[in-house]
Amino acid sequence: MLDVAIVGGGPAGLTAGLYASRGGLKEVVLFEKGMPGGAITQSSEVENYPGYCEPVSGMELMECWPKQAERFGMRHEMKEVRRVRRECDGSFILELADGSQRRAKAVIVATGSTPKRAGFEGEEEFLGRGISTCATCDGFFYKDQEVAVLGGGDTALEEALYLARIASKVYLIHRRDRFRAAPSTVERVKKNPKIELILNATVKKAYGDERGLQGIIIEQNGKLIDLKVPGLFVFVGSQVNNEVLKQEDGTFLCEVNERGEVVVDLKMRTSIPGLYACGDVRADAAKQVVCAAGDGAAAAVDLIGYIEKIGELKPC
Ligand code: FAD
Ligand code: NAP
């Protein structure tokens with residue numbers, strides 16, 4: 001039986017693996033279905049991870065994380081986990097996509113979240129090259145330049161306000177004339193002289209060249225507008241990757257909120273003993289690499305005490 005199974009090899013999962021193995025747990029296995037390093041590997045420049053004086057690419061930032069954890073004994077398996085379920089003795093069964101199963105005393109779910117795509121032409125092509133889903137991460141690249149924001153929810157409006165402090169102008173594009181965001185946020189946006197609303201409008205196409213985005217074509221009331229902006233921030237919602245917690249009957253293994261985010265306490269404990277969630281998959285996540293890494297460490301530190309406390313599990 002594994003001491004701990006970690007699902008997801010982004011900053012949260014890899015840090016949890018480092019702390020769990022370095023903290024003395026012997027059987028620590030991390031399962032990753034895609035790119036080791038997680039979502040940040042899509043970013044061409046990261047300049048807000050502490051300790052780096054110069055910007056680095058997401059790939060460069062994450063390169064050593066798996067090796068560092070493996071040095072202390074964490075094992076890394078490139079496998080997808082389909083489902084985590086709980087046995088009557090308190091252990092967990094991980095059902096893998098290849099049909100095999102693993103049993104673990106404790107599980108850390110660190111599967112991240114996925115920003116939704118708006119679906120216009122060129123969105124994938126320019127993602128990370130002018131199109132972004134993270135203002136905290138990429139806003140500074142557009143200092144004193146004009147940018148556009150797409151969306152009408154709390155995230156889009158709050159991020160438009162954030163970007164207005166950095167950019168020279170922010171065009172806020174929304175497909176209706178009513179916002180989903182909180183009324184107080186809408187008021188602040190409307191009062192901000194640097195934000196121009198483009199309502200009842202949709203982005204049709206993003207265009208540019210090998211250097212990146214040069215502009216977007218918007219359709220508003222049947223007319224096409226060519227907005228020459230080097231940056232477009234898309235905030236049309238996101239979904240947490242919580243599928244592994246879905247049970248056969250459609251319920252979740254532990255408590256999740258109305259958005260499907262896993263509810264945790266300050267030690268990243270879920271409502272089920274021995275089951276932890278950290279990083280972007282959890283409720284109230286700041287959705288930053290440094291925060292995900294901190295969550296992973298917090299989960300592992302608590303989990304070491306949990307494993308000690310439960311000792312050997314007796315079959316039921
Ligand atoms: P993730 O990094 O999303 O990792 C989750 C991992 O779990 C993934 O690798 C995924 O493949 C794996 N996984 C999911 N489901 C399964 C499964 N069923 N089985 C096995 N594996 C699974 N943050 C910053 O701090 N600074 C930045 O500059 C910055 N820029 C960004 C730029 C972009 C384009 C994006 C998309 C995000 C950016 N972020 C930035 C946010 C940052 O990437 C995330 O907050 C961070 O990666 C979250 O870490 P995580 O470990 O929780 O999840
Ligand atoms: P959201 O509330 O789902 O809003 C998504 C927005 O994107 C909506 O305005 C939607 O338009 C628009 N949209 C969706 N698909 C689109 C498409 N294909 N093309 C163009 N526009 C599209 O998402 P969110 O803003 O990320 O917020 C998620 C949740 O977190 C919400 O419950 C929100 O209240 C909460 N949140 C709260 C805070 C806070 O309390 N401070 C901050 C951030 C987020 P329509 O309006 O027309 O559907």
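Indexing begins at 1, ligand by ligand and atom by atom, following the structure's order.
- The nearest protein atom to atom 51 (O) of ligand 1, hydrogens excluded, is given as A12 N, 3.0 Å; this is a heavy-atom distance.
- In terms of N/O distances under 3.5 Å, ligand 1 is not approached by V290.
- For the residues E123, R175, R180, the heavy atom positioned nearest atom 8 (C) of ligand 2 is part of R180.
- The closest heavy-atom contact to atom 20 (C) of ligand 1, among the options K287, R83, K33, M35, comes from K33.
- Note: F233 and Y142 meet the aromatic proximity criterion, with ring centroids under 6.0 Å apart.
- Across the listed options P11, C278, G279, P115, P11 owns the non-hydrogen atom lying nearest to atom 49 (O) of ligand 1.
- Nearest protein heavy-atom contact of atom 40 (C) of ligand 1 is C137 SG, 3.0 Å.
- Taking distance alone, with nitrogen or oxygen atoms compared against 3.5 Å, A118 approaches ligand 2 more closely than that limit.
- Taking all heavy atoms of N48, V289, L30 into account, the minimum distance to atom 26 (N) of ligand 1 is reached by N48.
- Counting heavy atoms under 4.0 Å from ligand 2, residue R259 touches it through the side chain alone.
- Within the 4.0 angstrom cut-off, atom 37 (C) of ligand 1 has no protein heavy-atom neighbours.
- The residue among V203, T185, V236 with a heavy atom at the shortest distance from atom 21 (N) of ligand 2 is V236.
- Looking at V84, D295, V240, V81, it is V81 that brings a heavy atom closest to atom 17 (C) of ligand 1.
- For atom 44 (C) of ligand 1, the nearest non-hydrogen atom of the protein is D280 OD2, 3.3 Å.
- Ranking the protein heavy atoms by distance from atom 4 (O) of ligand 1 puts G10 CA, 3.5 Å first.
- Ligand 1 has at least one atom lying under 4.0 Å from a heavy atom of V46.
- For ligand 2, none of its N or O atoms has an N or O atom of G151 under 3.5 Å away.
- By the definition of a contact as any protein heavy atom under 4.0 Å away, atom 40 (O) of ligand 2 is not in contact.
- Distance from atom 23 (O) of ligand 2 to its nearest protein heavy atom, with residue and atom name: G237 CA, 3.6 Å.
- Using a 4.0 angstrom heavy-atom cutoff, G128 does not count as in contact with ligand 1.
- For the pair G153 and ligand 2, the shortest N or O to N or O distance falls below 3.5 Å.
- For the residue pair H76 and E70, a side-chain donor N or O sits within less than 3.5 Å of a side-chain acceptor on the partner.
- Regarding atom 8 (C) of ligand 1, its nearest protein heavy-atom neighbour is E32 OE1, 3.5 Å.
- Taking 4.0 Å as the cut-off, K79 counts as a neighbour of ligand 1 on heavy-atom distance.
- When heavy-atom distances to ligand 2 are checked against a 4.0 Å cut-off, F235 comes that close only through its backbone atoms N, CA, C and O.
- Nearest-heavy-atom check against atom 43 (C) of ligand 2 across D284, T155, T133 picks out T155.
- Atom 7 (O) of ligand 1 has as its closest protein heavy atom G8 CA, 3.2 Å.
- When each atom of ligand 2 is checked for a heavy atom of E158 under 4.0 Å away, the hits are 38 (C), 39 (C), 41 (N), 42 (C).
- With hydrophobic clusters built from ILVMFWY side chains whose heavy atoms lie under 4.5 angstrom apart, F72 does not share a cluster with L25.
- Heavy-atom proximity to atom 47 (O) of ligand 2, evaluated over R178, R176, Q239, is greatest for R176.
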